[in-house]
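If you read the sequence from its start, that first residue is 1, and numbering goes on from there.
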Amino acid sequence: MAASQEHLDKMQLRQNYRNLWHTNLMNTITADTPYCCFSLFCGPCVSYLLRKRALYNDMSRYTCCAGYMPCSGRCGESKCPELCLCTEVFLCFGNSVASTRFLLQDEFNIQTTKCDNCIIGFMFCLQQLACIFSIVACLVGSEELSEASQLLNCLADLVYCTVCACMQTQHKVEMDKRDGKFGPQPMAVPPMQNMSRIDQPYPPNVGYGQQPYGYPPAPPPQAGGYPPAGYPPPGYPAPGYQRKILHCRQRISRLQRISSTILTY
């Protein structure tokens, strides 16, 4: 009961994820056409490869159905994970695709768009409708209804195989993005920067913008020490400046003595 509640909580949490798939289900065919065809004609093999890649090729982390099913952890996965994964992808193909999807969603906080939810929901509804038609055809014994149910089953199987192929291509493209096959990763290490040395007159211009257009270039700082040579300029201070300063100080001192005498009396 606790495990079921935990799975329900995870499903509720996935609705609040903010990241999106690198490509939606409608664009997976154009995103990687050869791999989509490979997924369509050899779905279990692709499911095996994608699950192993989702685990970073570390099969010691493998759990049946990625830990999302009641049988997870009870099939002896630790003893022979490769055999258990082969059994999972061939006998429980749909669960293996869904488990890899949940694994990627929980790792990268990826939500499923409304369009993808509609496609997946249509697939499930069509399968349920085909099952209902087959049961009704068996109970009624109508030949026309039986043929209609067989056509509906074929359509449901075709949609199921197509959607699973698109989903697996979507997983592959997302892991290509994770592994940096589309360029630098968002959390890539920043480039190395050079620090100024003692023998440099001023630090190198690394990581900063140039002087704005229309402004004269800024002069480099002086390397001859502080203050620079020639300071102060000749003729400074003006002649008689010190004498005026001394006269002002004497007047201030005289005024202070007069004010103190007045305050005393």
Engineer: Report whether Phe122 and Val163 are members of the same hydrophobic cluster (ILVMFWY, side-chain heavy atoms less than 4.5 Å apart, transitive linking).
Structural biologist: yes
Engineer: Please enumerate all residues that pass side-chain hydrogen bond (donor to acceptor under 3.5 Å, both in side chains) together with Gln168, with sequence neighbours excluded.
Structural biologist: none
Engineer: Ignoring hydrogens, what is the shortest heavy-atom contact between Tyr160 and Gly94? Give both atom names and the distance.
Structural biologist: OH-CA, 3.3 Å
Engineer: Side chains of Thr169 and Leu25: closer than 4.5 Å at any heavy-atom pair?
Structural biologist: no
Engineer: Hey, are the side chains of Thr28 and Met167 touching, using non-hydrogen atoms and a 4.5 Å cut-off?
Structural biologist: no
Engineer: Roughly how far, to the nearest 0.5 Å, is the CD atom of Glu77 from the SG atom of Cys64?
Structural biologist: 5.5 Å
Engineer: Which heavy atom of Met59 sits nearest to which heavy atom of Pro81, and what is that distance?
Structural biologist: O-CB, 3.6 Å
Engineer: Hydrophobic clustering (ILVMFWY, side-chain heavy atoms < 4.5 Å, transitive) - are Ile120 and Trp21 grouped together?
Structural biologist: no
Engineer: Ser72 versus Met69: any side-chain heavy-atom pair under 4.5 Å?
Structural biologist: yes
Engineer: To the nearest 0.5 angstrom, please state how far the OG1 atom of Thr63 sits from the CZ atom of Arg61.
Structural biologist: 9.5 Å
Engineer: Hey, what do you get for CD (Glu107) to CD (Glu174), rounding to the nearest 0.5 Å?
Structural biologist: 9.5 Å
Engineer: Could you state whether Phe124 and Phe93 fall into the same hydrophobic cluster, counting links through intermediate Ile, Leu, Val, Met, Phe, Trp or Tyr residues with side-chain heavy atoms under 4.5 angstrom apart?
Structural biologist: yes
Engineer: Do other residues, nucleotides or ligands put more than 12 heavy atoms under 6.0 Å from the CD1 atom of Ile29?
Structural biologist: no
Engineer: Does Gln127 use its side chain to pair, donor to acceptor, with the backbone of Ala156 at less than 3.5 Å?
Structural biologist: no
Engineer: Report yes if the side chains of Asn109 and Arg18 come closer than 4.5 Å at any heavy-atom pair, otherwise no.
Structural biologist: no
Engineer: Given Leu126 and Leu152, is the side chain to side chain contact (heavy atoms under 4.5 Å, CB included) satisfied, shown in steps?
Structural biologist: CA-CA 8 Å; Leu126 196 60; Leu152 195 57; 3.9 Å; yes
Engineer: What residues, two or more places apart in sequence or in another chain, satisfy side-chain contact (heavy atoms from CB on, under 4.5 Å) together with Cys92?
Structural biologist: Asn95
Engineer: Charged N to carboxylate O under 4.0 angstrom, Asp58 versus Arg53?
Structural biologist: no
Engineer: In the structure I gave you, are the side-chain heavy atoms of Tyr62 and Glu82 within less than 4.5 Å of one another anywhere?
Structural biologist: no
Engineer: Could you check whether any side-chain heavy atom of Thr112 comes within less than 4.5 Å of a side-chain heavy atom of Arg101, counting everything from C-beta outward?
Structural biologist: yes
Engineer: Output yes when a side-chain donor or acceptor of Thr87 lies under 3.5 Å from a complementary backbone atom of Leu83, and no otherwise.
Structural biologist: yes
Engineer: Ignoring hydrogens, what is the shortest heavy-atom contact between Ile110 and Leu20? Give both atom names and the distance.
Structural biologist: CG2-C, 3.7 Å
Engineer: Would Lys79 and Cys84 count as a side chain to side chain contact (heavy atoms under 4.5 Å, CB included) if you check the C-alpha gap in whole Å, the side-chain angles of each, and the deciding distance to 0.1 Å?
Structural biologist: CA-CA 9 Å; Lys79 297 179 181 179; Cys84 290; over 6 Å; no
Engineer: By side-chain contact (heavy atoms from CB on, under 4.5 Å), which residues pair with Asn57, not counting sequence neighbours?
Structural biologist: Lys52
Engineer: Say you draw a straight line from CG of Asp116 to OG1 of Thr23; how long is it, rounded to the nearest 0.5 Å?
Structural biologist: 8.5 Å
Engineer: Taking side chain as C-beta onward, heavy atoms only, is Met123 less than 4.5 Å from Ile119?
Structural biologist: no
Engineer: How far apart are the C-alpha atoms of Met175 and Leu50, what are their side-chain angles, what is the distance that settles it, and do they pass the side chain to side chain contact (heavy atoms under 4.5 Å, CB included) test?
Structural biologist: CA-CA 9 Å; Met175 283 188 279; Leu50 289 178; 3.5 Å; yes
Engineer: Show me the donor-acceptor pairs, under 3.5 Å and distance only, between side chains in residues 35-48 and residues at least two apart or in other chains.
Structural biologist:
residue: Ser39; atom: OG; partner: Tyr35; partner atom: O; Å: 2.9
residue: Ser47; atom: OG; partner: Ser96; partner atom: OG; Å: 2.9

Engineer: Classify the side-chain pair Asp106/Tyr68 by whether it contains a donor and acceptor separated by less than 3.5 Å.
Structural biologist: yes
Engineer: Kindly state each residue pair satisfying side chain to side chain donor-acceptor pair (under 3.5 Å) with at least one member in residues 147-157, sequence neighbours excluded.
Structural biologist: Ser134-Asn153
Engineer: Can you tell me which residue pairs pass the salt bridge (charged side-chain N to carboxylate O under 4.0 Å, His left out) test with a partner in residues 125-138, sequence neighbours excluded?
Structural biologist: none
Engineer: Are Leu158 and Leu129 co-members of a hydrophobic cluster defined by side-chain heavy atoms under 4.5 Å apart?
Structural biologist: no
Engineer: Report the C-alpha separation of Arg178 and Tyr56 in whole Å, then their side-chain angles, then the decisive distance to 0.1 Å, and conclude whether the side chain to side chain contact (heavy atoms under 4.5 Å, CB included) test is met.
Structural biologist: CA-CA 11 Å; Arg178 179 196 71 182; Tyr56 298 90; 3.3 Å; yes
Engineer: Side-chain contact, heavy-atom cut-off 4.5 Å: Thr113 with Asn117?
Structural biologist: no
Engineer: Is there a path of hydrophobic side-chain contacts, each under 4.5 Å between heavy atoms of I, L, V, M, F, W or Y residues, that connects Leu49 with Leu103?
Structural biologist: yes
Engineer: Identify which one of His22, Lys181, His171 satisfies the side-chain contact (heavy atoms from CB on, under 4.5 Å) criterion when paired with Asp176.
Structural biologist: Lys181
Engineer: Without hydrogens or angle criteria, can the side chains of Gln170 and Asn27 be said to hold a donor-acceptor pair below 3.5 Å?
Structural biologist: no
